[in-house]
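Accompanying notes for the structure given below.
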2 protein chains.
Amino acid sequence: MTTTSINIRLTHKSYLREPESTELGRRIISESVRLIDELGFEQFTFKKLAAEIGSTEASVYRYFENKHKLLVYLVSWYWAWLDYSVTLRVQNIDNPRERLIRAILAITTAAQEDDPTVDYIDERMLYRIVLAESTKVYHTKEVDSENQDGYFMEFKNLCDRMARMTLAINPAYPYPHALMSTVLEAAHQQMFFARHLPSLTEICEAQHLREENTTFLKHLVFSAIEPQEANLTT
Amino acid sequence: MTTTSINIRLTHKSYLREPESTELGRRIISESVRLIDELGFEQFTFKKLAAEIGSTEASVYRYFENKHKLLVYLVSWYWAWLDYSVTLRVQNIDNPRERLIRAILAITTAAQEDDPTVDYIDERMLYRIVLAESTKVYHTKEVDSENQDGYFMEFKNLCDRMARMTLAINPAYPYPHALMSTVLEAAHQQMFFARHLPSLTEICEAQHLREENTTFLKHLVFSAIEPQEANLTT
DNA sequence: ACTTTTATGATAGCTTTACTATTACATATA
DNA sequence: TATATGTAATAGTAAAGCTATCATAAAAGT
């Protein structure tokens with residue numbers, strides 16, 4: 001049996017002990033994804049998590065200092081994984097417009113693929129967590145010191161990769177990073193709005209949810225960076 | 001002495017007792033704005049607030065069920081106030097492009113004006129709270145029931161007002177609400193990124209922060225809705 | 001003027017969350 | 001065999017997040 005073992009590596013240490021390296025660590029990750037998706041981050045506690053995996057609160061604390069750092073780990077893992085997915089989908093493609101189109105498609109659909117990258121992480125559940133909880137990782141009073149510790153590198157890397165793709169199309173566009181941080185956040189927001197606050201968007205749960213989101217974002221990006229030839233069917 | 005008494009009215013009841021109607025209620029509002037700005041929402045508690053205003057925890061609980069509902073109140077007040085500011089700035093303007101330009105300018109600069117709309121709310125502090133904490137009001141497990149209770153009406157109203165302005169320019173644009181919810185969120189995100197995660201944006205604290213943000217957003221909006229004639233100096 | 005309602009304050013208490021210190025146990029190594 | 005070393009279980013503590021009760025003062029109704 002040949003399984004391609006892909007290892008998503010994080011550049012920072014939001015954990016105390018590496019969770020991938022032990023059985024308990026992996027169960028902490030997979031069960032916390034399940035529990036946060038089920039309860040929401042506010043109702044999620046290490047006590048409930050420990051009960052779920054048949055371990056103790058103290059043991060969980062050996063892997064993560066607190067639940068905020070666990071969320072940082074999960075969200076960072078997602079961005080690193082998405083960055084990897086984007087890289088895969090654009091490799092061997094030379095046309096800069098085609099590259100950017102594929103990258104946007106990766107962002108809106110990567111989490112819907114059937115076979116998981118690592119067996120103990122359910123990417124669809126993690127995607128739902130990112131939709132609902134990811135902005136909480138940087139909306140804290142500790143944002144500056146956590147930024148210094150490299151906690152947001154994975155998101156910045158992806159943003160920068162996308163920004164460089166836009167510059168390959170139009171080197172004169174003055175706001176590539178601003179555009180791409182906006183698009184990355186909007187890709188998630190619109191999905192969340194479609195589900196919970198539908199009057200904030202035309203993207204609709206009932207019909208072609210992800211396709212509509214992709215079309216909206218592609219149009220937004222391409223009309224911003226190449227105003228002359230933008231159209232809705234690119 | 002003639003003071004124009006403007007009353008920002010909320011359409012929902014996130015409070016138990018109306019805070020504007022009593023001295024203690026107004027002190028709860030003004031001091032919670034100060035404290036949340038100082039400590040961040042996570043570190044903010046009703047006990048600390050009560051100590052600050054020389055009252056008791058139990059008294060604060062008579063006005064708001066919990067700190068989350070207080071945040072809903074503050075953020076809703078901000079959106080209602082911004083909606084009002086936008087309305088003021090576009091009144092008597094007939095040209096649809098000029099109207100949208102003024103609306104975007106209102107969103108990026110309204111909180112910087114010197115004279116406050118109501119004397120017990122510091123709009124600049126409240127603006128900083130909205131930058132850092134506003135998405136927490138809807139990123140909860142209770143989002144659907146709170147939506148039913150009308151907790152997000154103020155944001156939806158503003159989003160819809162802006163969407164109608166875009167339709168006045170281009171009735172064929174298919175995503176007016178999606179575009180405007182994206183822009184409203186981006187206007188705040190970019191300011192937050194400029195301060196805390198500067199590698200995610202070209203908008204820079206050092207120089208013409210708000211002007212750059214306005215330019216970025218205007219270009220984004222106008223190139224999306226009128227692709228042919230978009231340019232960076234509109 | 002007198003009663004009743006309403007608003008606030010003071011005190012106490014309760015449950016849960018978030019986290020830590022200590023000890024026990026198992027395994028690996030010298 | 002002795003001794004590190006990693007891992008888990010027990011038992012706590014402090015603070016957060018509420019609630020209940022009673023006293024008192026001001027406001028409102030009759």
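Every heavy atom of this structure was used, including side-chain atoms; hydrogens, water molecules and symmetry mates were not. Proteins get letters first, then strands, A, B, ... in listed order; numbering begins at 1 in each.
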What is the distance from [atom1] of [X] to [atom2] of [N], rounded to the nearest Å?
X: A/Glu57; N: D/dA8; atom1: CD; atom2: C1'; answer: 13 Å
X: B/Leu39; N: D/dA15; atom1: CG; atom2: P; answer: 15 Å
X: A/Arg17; N: D/dG6; atom1: CZ; atom2: C1'; answer: 7 Å
X: B/Phe41; N: D/dA16; atom1: CZ; atom2: P; answer: 14 Å
X: B/Glu23; N: D/dA25; atom1: CD; atom2: C1'; answer: 17 Å
X: B/Lys67; N: D/dA15; atom1: NZ; atom2: P; answer: 16 Å
X: A/Asn66; N: D/dA15; atom1: CG; atom2: P; answer: 17 Å

- Do other residues, nucleotides or ligands put more than 12 heavy atoms under 6.0 Å from B/Gln112 CD?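 Yes, CD of B/Gln112 has more than 12 neighbouring heavy atoms, counting only those of other groups under 6.0 Å.
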- Quick note, B/Arg62 side chain, CB onward, closest among D/dT21, D/dA8, D/dG17 is D/dT21
- Message: Using a 4.0 Å heavy-atom cut-off, does B/Tyr61 contact any base of the nucleic acid, only the sugar-phosphate backbone, or nothing at all?
- Response: base
- For the residue pair B/Phe46 and B/Tyr63, is the inter-centroid distance of their aromatic rings smaller than 6.0 Å? no
- Message: Both B/Lys48 and A/Ala58 contact DNA chain D. Which one's nearest nucleotide lies toward the 5' end?
- Response: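 Closest to the 5' end, via its nearest nucleotide, is A/Ala58.
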- Would B/Lys67 count as a cation-pi partner of B/Phe41, with NZ or CZ less than 6.0 Å from the six-membered ring centre and within 45° of the ring normal? yes
- Could you list where the contact with chain B starts and ends along DNA chain C, reading 5' to 3', using a 4.0 Å heavy-atom cut-off?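 Span of nucleotides near chain B: C/dA7 to C/dA10.
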